[in-house]
Amino acid sequence: MAENIVKKEKVARQPMPEQEAAVRRRNFEEVPLGYSKETAMLEAGRCLQCKNPACVTGCPVGVNIPGFIKEVSAGNFNEAIKVIWGKNSLPAVCGRVCPQEIQCEGNCVVGKKDKPVAIGNLERFVADTARTSSGVELPAKAAPTGKKVAVVGSGPSGLTVAGDLLLKGHDVTLFEAFHKTGGVLVYGIPEFRLPKSIVASEVAMLENMGLKIECNMVIGAIVSVDELFAEGYDAVYIGVGAGLPKFLNVPGEDLIGIYSANEYLTRANLMKGYLFPKYDTPIIKGKNVVVFGAGNVAMDSARTAMRLGADKVRIVYRRSREEMPARAAEIHHAEEEGIEFYLLTAPVRFIGDENGRLVQLEGLKMDLGEPDASGRRRPVPIKGSEFIMDCDLAVVSVGAGPNPLLTQSDKQIALNKWGYISADPETGKTTKKGVWAGGDIVTGSATVILAMGAGRKAADSIHNYLTWGW
Amino acid sequence: MFKIVKREEMAQGTVIMNEIEAPKIAAKAKPGQFVIVKANETGERIPLTISDRDPVKGTITIIYMVVGKSTGLFKTFQVGDAFQDVIGPLGKATHIEKLGNVVCVGGGTGVAVLYPITRGFKEAGNKVIGIIGARNKDLLILEDKMRAATDEFQVCTDDGSYGRKGFVTDALKEVLEANKIDLVVAIGPVPMMKFVSLLTKKYNVRTLVSLNPIMIDGTGMCGGCRVVVDGKTQFACVDGPEFDGHQVDFDGLMKRLRAYEADEKQAYHDHCTMFGGK
Ligand SMILES: Cc1cc2nc3c(=O)[nH]c(=O)nc-3n(C[C@H](O)[C@H](O)[C@H](O)COP(=O)(O)OP(=O)(O)OC[C@H]3O[C@@H](n4cnc5c(N)ncnc54)[C@H](O)[C@@H]3O)c2cc1C
Ligand code: SF4
Ligand code: FES
C-alpha cells in the first residue's frame with residue numbers, strides 16, 4: 001500500500017494525444033484524440049481519493065468524481081459511467097467543453113503542487129467508452145405516470161430536463177425551432193471540438209427511452225405556451241437559450257463580409273457550409289479574417305476561419321489577456337494553430353468597396369484605466385493610435401442577448417430588466433403556473449454544465465409538481 | 001416531411017406554385033408572414049412568403065421564382081414529393097385595417113406575396129386598386145386572382161406585350177394624381193420597391209414594402225437578414241418583413257442580396273449539369 005502511494009506521486013499528468021497543430025488547422029476533425037485504456041487507468045491512479053473531495057465542490061452538478069475515477073483505475077469502465085450518469089447525463093459533451101480549470105480541476109488538491117488530475121479527460125474517456133461498447137445498461141425507467149411535459153428548446157438544458165423526466169416515467173415531447181436538435185451543441189460549437197455524432201447519439205439514447213421530438217417548431221409562433229396546455233401538456237419547460245446576437249455598433253457593420261458569430265458558426269456547423277458545394281449553404285471564406293471578442297465563441301469562429309483556408313486570422317479584444325473568458329485549452333489550441341491576438345484593441349469602423357464588400361477596418365489601441373462596475377479595469381482609447389488593417393471577413397463575437405420571440409408571446413412569464421426570464425434559482429419556476437425555465441434564457445450566456453444543472457433542478461421541481469401540485 | 005399536394009408552373013416554368021401539407025402552419029398563418037423551406041438533408045434554408053393557406057385542408061401555398069440551386073431543386077419536386085423542413089409562420093403579419101383607398105402594387109413573383117395582403121385589405125372594407133407588372137406577358141402571375149381581389153385593376157408590361165406598356169410606377173403616378181390614397185403596398189423586385197417608394201414620398205403617401213434579404217434561422221438569432229431602416233439596423237425576419245418604404249436603405253439591401261452571387265452561380269451551374277437542365 002505504502003509503495004503504491006509513492007508510485008502514485010511519481011506519475012505525471014497524462015497528456016491528451018492531439019492532432020498536430022499544422023495539420024489540424026486545415027481540417028474539421030476533432031483535435032484531441034482521447035486517452036487509451038492504459039493512459040486512462042494511469043491517470044486515474046493519480047487521484048488521492050480524498051475523503052472531502054474539493055473537486056466535487058467545484059462541479060456545478062456535483063458529480064461523484066473520486067467515485068468514478070476509482071472505477072476507472074480498477075478498469076471497471078461500465079461501473080464508472082453509471083457513477084457519472086447519477087449526476088450528469090451528457091458526460092461525452094461535458095468532458096469536452098466544460099471549463100474544468102475553473103471548476104473540478106481548479107479545485108483538485110493534487111493541483112496545489114503538481115498538475116491537477118485530468119478529470120475532464122477521464123470523464124470524456126468513460127463516456128466515449130460507454131458509447132462505443134455494448135455491455136452498458138441504460139438507467140431504469142419508472143412506471144408511466146400519464147403526465148405530459150413539453151420541453152421547449154433542445155440545448156443541453158432542455159435535453160437534461162427531458163432525460164430526467166423520462167426516467168421518472170413522464171411522457172416528454174421536445175420542441176425545437178431548428179430542423180435539428182442539440183442547440184448550441186450543434187449550431188455553435190464546431191465539429192473539431194465536439195463531433196456532431198456525439199450529440200446525435202445522446203439524443204438517440206433519449207429517443208430510445210421514449211422521448212418524442214418535434215423539430216421546426218418555433219414556440220410562440222406556431223403554438224403558444226397556453227396552447228400547449230390546451231393540447232394537454234401538464235407542465236412546460238423553457239430552455240430556449242440566449243440566441244440574440246450583439247453587434248459592435250460601429251459604422252460599416254452592414255457590409256458583406258461581416259457576420260455575427262451566430263450566423264458564421266450556424267452556416268459552418270449546422271448548415272455544413274464547410275462542405276459547400278456538397279451542402280448548399282455558402283459561407284464567405286476570408287483570407288484576412290478578424291474576430292472580435294475573446295470567449296469560446298470567438299475562439300471557435302477564429303479556428304473555423306483558419307480551417308476554411310484563411311491566410312491570417314486575428315482575434316481583436318478590447319481588454320487584456322487575463323480577462324479573456326475562453327477556456328484555457330481553447331486559447332492554447334488557437335495559438336498553436338497560428339491565430340494572432342490583438343489585445344487592448346477596439347474597432348472604430350469598417351471600410352467597404354463599391355460593391356459593399358468589406359476590405360479594411362480601422363482599429364484603435366486601448367490602455368487599461370480605472371476598474372469598472374465588474375471590477376475589471378476599464379479599457380480607455382489611446383488618442384492618435386488609430387490604424388488600418390486589411391480584412392475581408394469579420395466575425396463579431398461580443399456576446400448574445402435573450403431572443404424575445406417566445407417571451408413576447410406570453411406576458412404572464414415575467415422577465416428581468418435585461419429581458420431574461422425570471423426564474424427561481426432553486427426550482428426554475430417562472431411566474432406563470434406550470435412553466436419552468438433554465439439555461440442561458442435565465443442566466444444569460446453561460447456554460448453547458450450550468451444549463452444542465454438548471455435543467456436537473458427544474459426536472460426535480462416539475463416532478464414534485466406533477467406528483468404533489470404547484 | 002411536408003408533402004406537395006398541388007403543383008403548377010407559371011410564367012413559362014420560371015415560377016412554380018406548390019401547395020404543401022402543413023396543417024399547424026396553415027392554422028396560424030396570416031397575410032405577410034413567411035416560412036423557411038429546406039428541401040433535404042444537404043439543402044439550404046430558403047425564406048418564402050406564404051401566398052395562401054387553407055386551414056381546413058391544412059395546406060399552405062408558396063410561389064417562387066427559379067433563380068438558383070435551391071429553387072432549381074424545388075422545381076424538380078412533383079406532387080407527392082415532400083420538403084424535409086418547413087418552418088413558420090415567421091415574421092410580423094401585415095397590419096390590415098380599414099383606411100379608405102389602398103393601392104397594391106406588385107412586380108414579378110412579388111405578386112404572390114401581395115395577393116393575400118390585397119385580399120385582406122379588400123375584406124377589411126377598403127377600396128383597393130391593384131397594379132401589377134412584369135417584363136412581358138409570359139411572366140405575369142396571378143392576374144385573375146388579383147383582378148378578383150381589387151376594385152380597380154391594371155396590368156403593365158415593360159415591352160407592351162400585354163396591358164399597358166411601361167413600368168408600374170407610371171400607372172401608380174396616375175392613380176396618385178387622380179385619387180386621395182391612404183396607403184400603398186409595394187412588393188416586388190428591390191428596384192421596383194425603391195422607385196415606388198421614391199414616387200409615393202413625393203405624394204406623401206405612406207408605403208409598405210416587404211423585404212426579402214438572405215436568411216438562415218428566421219427567428220432573430222443570426223442577424224444575417226439585417227437591413228437598415230431609418231438609419232437603424234433591423235432584423236427583417238422578426239422586425240419585418242414589412243417596413244416603411246420611405247425609410248428603407250434599398251441600395252444596401254441590393255448589395256447584401258448579392259453576397260453569395262459567385263458561390264451561387266457555381267453551385268447552380270453544377271446543379272444544372274447534374275440534372276441535365278439549361
Ligand atoms: C460557439 C459557442 C461555443 C461555446 N463553448 C462552450 C464551451 O466550450 N463550454 C461551455 O460550457 N459552454 C460553451 N458555450 C455556452 C453553452 O453552449 C451554452 O451556455 C449552453 O448551450 C446553453 O444551453 P441552453 O440549453 O440554455 O440553450 P441552447 O444551447 O442555446 O439551446 C436552446 C435551443 O432552443 C431553441 N429555441 C430557441 N427559441 C425557440 C423557440 N421559440 N421554440 C423552440 N425552440 C427554440 C434553439 O434553436 C436552441 O436549439 C458556447 C456557446 C457558443 C455559442
Ligand atoms: S480533489 Fe483531485 S485528488 Fe481529490 S478526489 Fe478530486 S480529483 Fe481526486
Ligand atoms: S434570419 Fe437570422 S436573424 Fe433574421
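Just so it is clear, the values below take in all heavy atoms, side chains as well, and ignore hydrogens, waters and symmetry mates. Because the structure is a prediction, the values reported are computed rather than measured. So that the names make sense, note that chain A is the first sequence line, chain B the second, and so on, each numbered from 1.
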Proximal component of B:V86, with respect to chain A [non-hydrogen, under 4.5 Å]
backbone
Taking the side chain as every heavy atom from C-beta outward, state whether B:C222 and A:Y187 have any atom pair closer than 4.5 Å.
no
Region of B:I216 that comes under 4.5 Å of a non-hydrogen atom in chain A:
side chain
Any idea which heavy atoms bring B:P89 and A:A221 closest together, and the distance?
O-CB, 3.5 Å
Closest non-hydrogen atom pair between A:P245 and B:G220, with its separation:
CD-O, 3.6 Å
Less than 4.5 Å to any heavy atom of chain A: does that hold for the side chain of B:R258, its backbone, both, or neither?
backbone
Parallel, tilted or perpendicular for A:Y259 and B:Y260, by the 30°/60° rule?
parallel
Has A:K285 got more than 12 heavy atoms of other residues, nucleotides or ligands less than 6.0 Å from its NZ?
yes
Part of A:K180 within contact of chain B (heavy atom distance under 4.5 Å):
side chain
Can you tell me how far apart CG (A:D254) and CZ (B:R256) are? Round to the nearest 0.5 Å.
6.0 Å
Under 4.5 Å to a heavy atom of chain A? For B:T219 that would be both
Nearest 0.5 Å please: distance from the NZ atom of A:K278 over to the OG1 atom of B:T42.
8.5 Å
Roughly how far apart are B:R45 CZ and A:T266 OG1, rounded to 0.5 Å?
9.0 Å
Here the gap from B:R226 atom CZ to A:E263 atom CD, rounded to the nearest 0.5 Å, amounts to 7.0 Å
Heavy-atom contact with chain A under 4.5 Å, split by part of B:Q33
neither
Quick one: what part of B:L253 sits under 4.5 Å from any heavy atom of chain A, side chain, backbone, both or neither?
neither
Would you check if A:M271 and B:K38 make a side-chain contact, meaning some heavy-atom pair closer than 4.5 Å?
yes
Can a salt bridge be assigned to the pair B:K24 and A:E227 using a cut-off of 4.0 Å between side-chain N and carboxylate O?
no
A quick test of your reading: do over 12 heavy atoms of other residues, nucleotides or ligands sit less than 6.0 Å from NZ of B:K6?
no
Output for pair (B:I87 CD1, A:I222 CD1), nearest 0.5 Å, gives 9.5 Å
Please flag which part of B:L90 lies under 4.5 Å from any non-hydrogen atom of chain A: side chain, backbone, both or neither.
side chain
Part of A:I258 within contact of chain B (heavy atom distance under 4.5 Å)
both
Any chance you could measure A:F178, atom CZ, to B:M221, atom CE, to the nearest 0.5 Å?
4.0 Å
Region of A:V223 in contact with chain B, defined by heavy-atom distances below 4.5 Å:
backbone
Interchain contact, A:L255 with chain B, by part (heavy-atom threshold 4.5 Å)
backbone
Note, B:F2 side chain near A:N216 side chain (heavy atom, < 4.5 Å):
yes
Using a 6.0 Å cut-off, check whether atom NZ of A:K196 has over 12 heavy atoms from anything other than its own residue.
yes
Pick from B:A39, B:G43, B:A27, B:A29: which one has the most heavy-atom pairs with chain A under 4.5 Å?
B:G43
